[in-house]
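Side-chain atoms are counted along with the backbone in the values below, which use heavy atoms only and exclude waters and symmetry mates. What you see is a predicted model, and the numbers here were worked out from it, not measured in a lab. Chain letters run A, B, ... following the sequence lines, proteins first, then strands; residues in each count from 1.
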Protein chains: 2
Amino acid sequence: MPGQVQSIARAAAILRLLAGGSGRLGLLEIARALDLPKGTAHGLVRTLQDVGFVEQDKTSGKYQLGAALLHLGTSYLDVNELRSRSINWADPLAARSGEAVRIGTLLDSEVLVVHHVFRPDDTLQTLDVGALLPPHATALGKVLLAYEARGGGFGELVPYTRRTLASPRALARALSAIREAGWGSDIEEMTVGEAGIAAPIRGYGGLVVGAIGISGPVERVCDAHGQPRVTLVTHVREAARAVSRDLGGRGQ
Amino acid sequence: MPGQVQSIARAAAILRLLAGGSGRLGLLEIARALDLPKGTAHGLVRTLQDVGFVEQDKTSGKYQLGAALLHLGTSYLDVNELRSRSINWADPLAARSGEAVRIGTLLDSEVLVVHHVFRPDDTLQTLDVGALLPPHATALGKVLLAYEARGGGFGELVPYTRRTLASPRALARALSAIREAGWGSDIEEMTVGEAGIAAPIRGYGGLVVGAIGISGPVERVCDAHGQPRVTLVTHVREAARAVSRDLGGRGQ
DNA sequence: CAACAGTGTTCGACAATGCCGACCAGGGTT
DNA sequence: AACCCTGGTCGGCATTGTCGAACACTGTTG
């Protein structure tokens with residue numbers, strides 16, 4: 001594969017940096033973080049500003065992400081096949097299971113949430129479409145990792161709770177168990193008191209392109225033995241199959 | 001201001017094209033639309049693909065927006081000062097008025113919705129955060145236009161309904177009336193049966209940085225004379241002032 | 001069945017392009 | 001008032017990306 005266009009790759013790095021960091025960044029901070037000369041960074045940032053991908057706070061001079069990105073992001077949702085096919089099945093799943101439903105896909109070894117249906121009750125919930133979840137500590141993420149072709153080493157496995165799978169060996173075992181069973185779960189591995197169940201979504205050719213899952217309080221998601229309830233597992237797997245069928249895949 | 005970085009400007013144009021068009025586009029369509037040689041367009045698109053801003057449908061070969069943009073877009077929401085300050089005031093406004101609340105800002109002569117609170121009833125509504133609204137046919141848009149520094153000519157004023165302000169003269173009159181009154185409305189100018197009320201949000205230095213408004217069925221938003229209800233107008237203007245105060249502006 | 005009209009993709013040579021480093025200009029702090 | 005820090009500018013060099021033609025492939029058409 002021939003070389004990349006340098007300036008575009010650098011511009012993307014700047015945007016990722018701004019998205020990841022604590023919001024606003026100064027020009028020199030950007031230049032230092034990417035190991036670029038001041039002048040070069042300035043040129044890149046200024047054209048990013050011209051196209052609306054970056055805004056500058058006039059008082060502090062610092063830079064932040066721009067409004068044009070918001071529209072591009074939602075435009076992506078409109079085109080995304082995985083999301084559009086899932087929508088019809090996510091709502092029934094939320095209704096049947098009584099829990100929140102999320103659909104995610106792998107992006108740079110993280111889980112990108114592309115759709116989110118709130119838990120049917122009226123509790124206050126924040127929409128996390130567009131959020132990135134840690135793959136090793138969520139049911140969605142582990143399912144996606146299990147079927148990921150590029151089985152390279154995982155990133156650093158930060159432990160969120162005592163039950164997080166923080167060692168590569170434990171994670172690899174869990175992934176092969178998921179491949180065996182065709183679904184996966186996480187029990188208080190990301191936040192205490194929360195559990196989740198997920199199953200893979202296959203696209204054209206049987207390739208896994210995403211995952212659908214529910215998550216909620218551990219006492220509702222799991223039975224008396226601390227295992228995910230069979231009825232919920234069935235619901236999730238059926239939803240995953242339905243979406244896969246819609247996508248033209250073989251559906252598990 | 002010295003020249004732009006050509007390749008970044010072109011890359012941004014490609015992304016805008018993909019966002020605006022009907023989703024997927026072929027390489028030649030992109031090249032033709034931007035008047036670029038095939039090879040050049042390919043290089044740009046390929047690096048956009050490498051950084052995740054563009055995806056390629058393997059079967060058709062066509063290109064579409066990529067997943068990385070979704071995360072960038074929502075990251076923008078997290079940083080956006082206008083949105084974060086508005087959130088606390090949008091919910092009460094929705095509750096008091098009983099209508100849907102939206103907060104918008106001007107982007108490229110269009111209205112970008114940065115926050116959206118559903119109407120309190122349980123009707124089915126779609127979240128339009130990230131959507132672009134026509135400025136001349138919505139209360140939010142007309143308020144933003146009225147206080148826009150760069151008072152250049154408006155784009156083409158497409159008529160949506162019979163009551164849309166489609167002539168530059170009528171629109172200019174409406175805008176100066178808004179400046180006079182400090183708030184604006186639209187009555188069946190975008191969709192029949194719908195009306196809206198909006199007021200400007202001022203940031204540091206008194207500059208208008210956004211607008212907040214409600215919208216709903218014309219029979220609820222307007223009184224017997226077909227005019228916006230005074231109580232609703234007051235609620236909207238108070239909310240706008242509150243947000244402005246939070247932003248450090250003078251609040252009207 | 002062959003010629004064709006479309007794709008998306010690769011390659012290499014030229015030179016235009018954007019990179020780099022040093023140089024300005026303003027603000028805050030010592 | 002001298003100093004640091006910031007963001008912004010300018011011009012020369014050569015690295016960089018652009019460009020057009022050629023390639024591989026698919027589906028259609030004569």
[X] side-chain N/O to [N] phosphate OP1/OP2 under 4.0 Å:
X       : N      : result
B:Tyr63 : C:dT9  : yes
B:Gln6  : C:dG18 : yes
A:Ser7  : C:dG18 : no
A:Arg10 : C:dC20 : yes
A:Arg32 : D:dC5  : no
B:Gln56 : C:dT9  : yes

Just compare [options] and give me whichever is closest to any side-chain atom of [X].
X       : options               : value
B:Val5  : C:dG18, D:dT9, D:dG7  : C:dG18
A:Arg46 : C:dG21, D:dG17, D:dT9 : D:dT9
A:His42 : D:dC19, D:dT9, C:dC20 : D:dT9
B:Leu27 : D:dT9, C:dT9, C:dC19  : C:dT9

Quickly work out the [X] [atom1] to [N] [atom2] distance and round it to whole Å.
X       : N      : atom1 : atom2 : value
B:Asp35 : D:dT18 : CG    : P     : 14 Å
A:Leu44 : D:dG8  : CG    : P     : 13 Å
B:Asp57 : C:dT7  : CG    : P     : 16 Å
A:Ile8  : C:dT17 : CD1   : P     : 15 Å
B:Ile30 : D:dT18 : CD1   : P     : 14 Å
A:Leu25 : D:dC5  : CG    : P     : 19 Å
B:Lys38 : D:dA21 : NZ    : C1'   : 9 Å
A:Lys62 : C:dG27 : NZ    : P     : 17 Å

Kindly say whether B:Leu82 contributes a backbone atom to a donor-acceptor pair with the side chain of B:Asn80 at under 3.5 angstrom?
-> yes
Select from A:Leu28 and B:Gly39 the residue whose nearest nucleotide in DNA chain D is closer to the 5' end of that strand.
-> A:Leu28
Any pair counted as salt bridge (Lys or Arg N to Asp or Glu O under 4.0 Å), so long as it reaches residues 128-144 of chain B, sequence neighbours left out = B:Arg102-B:Asp128, B:Lys142-B:Glu189
Can you list the residues that meet the side-chain hydrogen bond (donor to acceptor under 3.5 Å, both in side chains) rule with A:Ser7, with sequence neighbours excluded?
-> B:Ser7
How would you label the contact of B:Gly61 with the nucleic acid (heavy atoms, under 4.0 Å): base, sugar-phosphate, or nothing?
-> sugar-phosphate
If we ignore angles and hydrogens, is there a donor and acceptor under 3.5 Å between the side chains of A:Ser60 and A:Asp57?
-> yes
May I ask you to decide whether A:Arg24 forms a salt bridge with A:Glu29, counting only side-chain N to carboxylate O separations under 4.0 Å?
-> no
